[in-house]
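Only one structure is covered here, and it is reproduced in the block below.
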2 protein chains.
Amino acid sequence: MDHDFCRAHCTARMTPTEFSPATRAQLDRADALCTEQGARLTQQRREILGLILDAKTPVGAYDLLEKIKTPDRRPAPPTVYRALDFLLEHGLIHRIERLSAFVPCTHLLHDAHAHNPDHCHNHDHETCLHTAQFLICKSCKSVTEIAESSVLTTLRSICREQKFAMQSASIEVIGLCATCAAKERPASNAPRKQATSSPS
Amino acid sequence: MDHDFCRAHCTARMTPTEFSPATRAQLDRADALCTEQGARLTQQRREILGLILDAKTPVGAYDLLEKIKTPDRRPAPPTVYRALDFLLEHGLIHRIERLSAFVPCTHLLHDAHAHNPDHCHNHDHETCLHTAQFLICKSCKSVTEIAESSVLTTLRSICREQKFAMQSASIEVIGLCATCAAKERPASNAPRKQATSSPS
DNA sequence: ACGTGTCATGTTATAATATCACGTTCGGAC
DNA sequence: GTCCGAACGTGATATTATAACATGACACGT
Ligand SMILES: [Zn+2]
Ligand SMILES: [Zn+2]
Ligand SMILES: [Zn+2]
Ligand SMILES: [Zn+2]
């Protein structure tokens, strides 16, 4: 009854960060996904997810903690970690182990899901949600999630051989993205300038 | 001159952990590898490596810190982390990101290297040393390093497509090892006993 | 309206992991 | 011996994560 009122009310009053329309669309998509799963994307979880979506690079838990602080509210670590746990469990974000930081799941970024929820069901949700592959650029910190399932397939066959029951996997590749690699090596094979000014 | 005396003396006095002959053999192998690379496997590094070799499961930095404490010596974290950094750089151990813990590199456990140092040179040392694949059992905490290069090959081809310059990769699979999986499911499909007593 | 269970959140403290900064010692080249 | 750089000792601190317990908001049956 007045539950809807309260939700609207709270949204208006306590949202410290205004998200762009694009981000809001993604958040709404996430909300729908949660509802499908019988879970609630609360205001707090929504805000954390929004901040992760808007960041161009992986975000640490304590970065998030800083960002959600307002004059009124000084949340403590558990607040953030609880939201992160929820988002992880529902496949909305991934944790990058090598960085102790979080990125949105690419499923959220494209509208594949929105149009075709069946897409959810033709791949192995159990394993897929908890498993992703990332290319992490050491230089610009950008992270690309690889949708490609070939790695997972290879891994699965290895596990079968070893009778290992795979539950999830982290695959993280460190290196330089195309852009940064180009900057590093201005010419193909001319390292005779001034030490290539490598930003290590 | 009295250098040899000192080493013997110190070894006798400050080695709190006596390693088994098998472990000592591996340590000697590691020592040789270091010397090849112009590095020194000091007493301290040797002890840390020995402890990691002897452990049946991955060891955390602070576990090691506890283990190397004696009535005389109360080392501080940097001591351990410095040794770990050294061992990582020289490919003697790996870090398991998901556990913040360390395991010996399997190269050390088998004597392939001892007999055939050329083995080192027919695979890509640059990438291989810094890259390994692990099967981590959630239940017994055992970790298996996969020598198999098929995953790495697959990853490399993906990176090539994306023009991503791979420097290293972590591949960690979580699940149940053959032994533990068998324990979990006593019969194939008879979950009607007392909740199978699944340890979380 | 009242108790009651459940989920989400707030709050305080602390655990666990990792690094910085600075001074000293050790080992080997000369 | 003298010197230099690598290795180590030590104290403080940073960063990441969780434990433990209390409160608030709502649903539901009575
Ligand atoms: Zn994803
Ligand atoms: Zn980059
Ligand atoms: Zn290895
Ligand atoms: Zn096991």
Side-chain angles (χ1 to χ4, degrees), chain A residues 1-11 13-14 16 31 34-35 37-49 58-70 72-90 95-102, chain B residues 1-11 13-14 31 34-35 37-49 58-70 72-90 95-102 200:
Chain A
M1 322 268 181
D2 57 3
H3 179 210
D4 277 340
F5 163 75
C6 177
R7 170 168 293 173
H9 168 70
C10 291
T11 306
R13 196 177 55 83
M14 56 177 287
D31 201 339
C34 287
T35 308
Q37 302 180 39
R40 290 164 52 211
L41 188 67
T42 62
Q43 198 55 38
Q44 191 141 218
R45 293 164 176 170
R46 190 179 166 96
E47 185 181 2
I48 301 273
L49 179 55
V59 205
Y62 280 74
D63 292 343
L64 292 167
L65 190 55
E66 281 309 309
K67 288 184 186 168
I68 65 174
K69 277 184 181 161
T70 68
D72 306 352
R73 267 169 83 243
R74 324 234 88 217
T79 299
V80 170
Y81 281 102
R82 283 195 279 237
L84 290 172
D85 286 344
F86 174 90
L87 298 171
L88 284 169
E89 275 164 18
H90 292 82
R95 178 189 160 90
I96 308 289
E97 299 293 332
R98 294 282 284 252
L99 305 176
S100 296
F102 302 84
Chain B
M1 323 266 175
D2 56 3
H3 177 210
D4 277 340
F5 162 75
C6 177
R7 170 167 294 174
H9 170 69
C10 291
T11 305
R13 197 177 55 83
M14 56 176 286
D31 200 338
C34 287
T35 308
Q37 302 179 40
R40 290 162 51 212
L41 189 67
T42 63
Q43 197 57 35
Q44 191 141 218
R45 292 162 177 172
R46 191 180 165 96
E47 186 182 3
I48 301 271
L49 178 55
V59 205
Y62 280 74
D63 292 343
L64 292 168
L65 190 55
E66 281 310 309
K67 288 184 185 167
I68 65 175
K69 277 184 181 161
T70 68
D72 306 353
R73 267 168 83 244
R74 325 233 89 219
T79 299
V80 170
Y81 281 102
R82 281 195 282 238
L84 290 171
D85 286 345
F86 175 90
L87 298 171
L88 284 169
E89 276 165 19
H90 293 83
R95 178 189 160 89
I96 308 289
E97 298 293 333
R98 293 281 285 251
L99 305 176
S100 295
F102 303 84
S200 173

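Predicted model, so just to flag it, every value in this text is computed and none were measured. Chain identifiers are assigned alphabetically (A, B, ...) following the order of the sequence lines, protein sequences preceding nucleic acid strands; residue numbering begins at 1 within each chain.
Of the side-chain N and O atoms in A/Q43, none sit less than 4.0 angstrom from OP1 or OP2 of C/dT9. For the OP1/OP2 pair of D/dC8 and a distance below 4.0 Å, the side-chain nitrogens and oxygens of B/T79 include no atom meeting the criterion.
The side-chain contact (heavy atoms from CB on, under 4.5 Å) test applied to A/A39 returns A/C34, A/F86, A/H90, not counting sequence neighbours. Not counting sequence neighbours, the partners of B/S100 by the side-chain contact (heavy atoms from CB on, under 4.5 Å) test are B/R95. B/R46 meets the salt bridge (Lys or Arg N to Asp or Glu O under 4.0 Å) test with B/D28, B/D31; sequence neighbours excluded. Applying the side-chain contact (heavy atoms from CB on, under 4.5 Å) rule to B/D63 yields the partners B/V59; only residues at least two apart in sequence or on another chain are considered.
Residue B/L41 contributes atom CG, which lies 18 Å from atom P of D/dA6 at whole-angstrom precision. Across the protein-nucleic acid pair, A/L65 atom CG and C/dG10 atom P stand 11 Å apart, rounded to whole Å. At whole-Å resolution of the value, CZ in A/R73 and P in C/dG10 are 5 Å apart. If you measure from atom CG of B/L84 to atom P of D/dA7, you get 15 Å, rounded to the nearest angstrom.
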Using the 3.5 Å cut-off, write out each protein N or O paired with an N or O of nucleotides 15-19 of chain C and the distance between them.
residue: C/dA18; atom: OP1; partner: B/R95; partner atom: NH1; Å: 2.6
residue: C/dA18; atom: OP1; partner: B/R95; partner atom: NH2; Å: 2.5
residue: C/dA18; atom: OP2; partner: B/Y81; partner atom: OH; Å: 3.0
residue: C/dA18; atom: O5'; partner: B/Y81; partner atom: OH; Å: 3.4
residue: C/dA18; atom: N7; partner: B/Y62; partner atom: OH; Å: 2.6
residue: C/dA18; atom: N6; partner: B/Y62; partner atom: OH; Å: 3.3

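Among the heavy atoms of the strands lying under 4.0 Å from A/R82 is at least one base atom, whether or not backbone atoms are also near. B/R45 comes within 4.0 angstrom of the backbone, heavy atoms only, and of no base.
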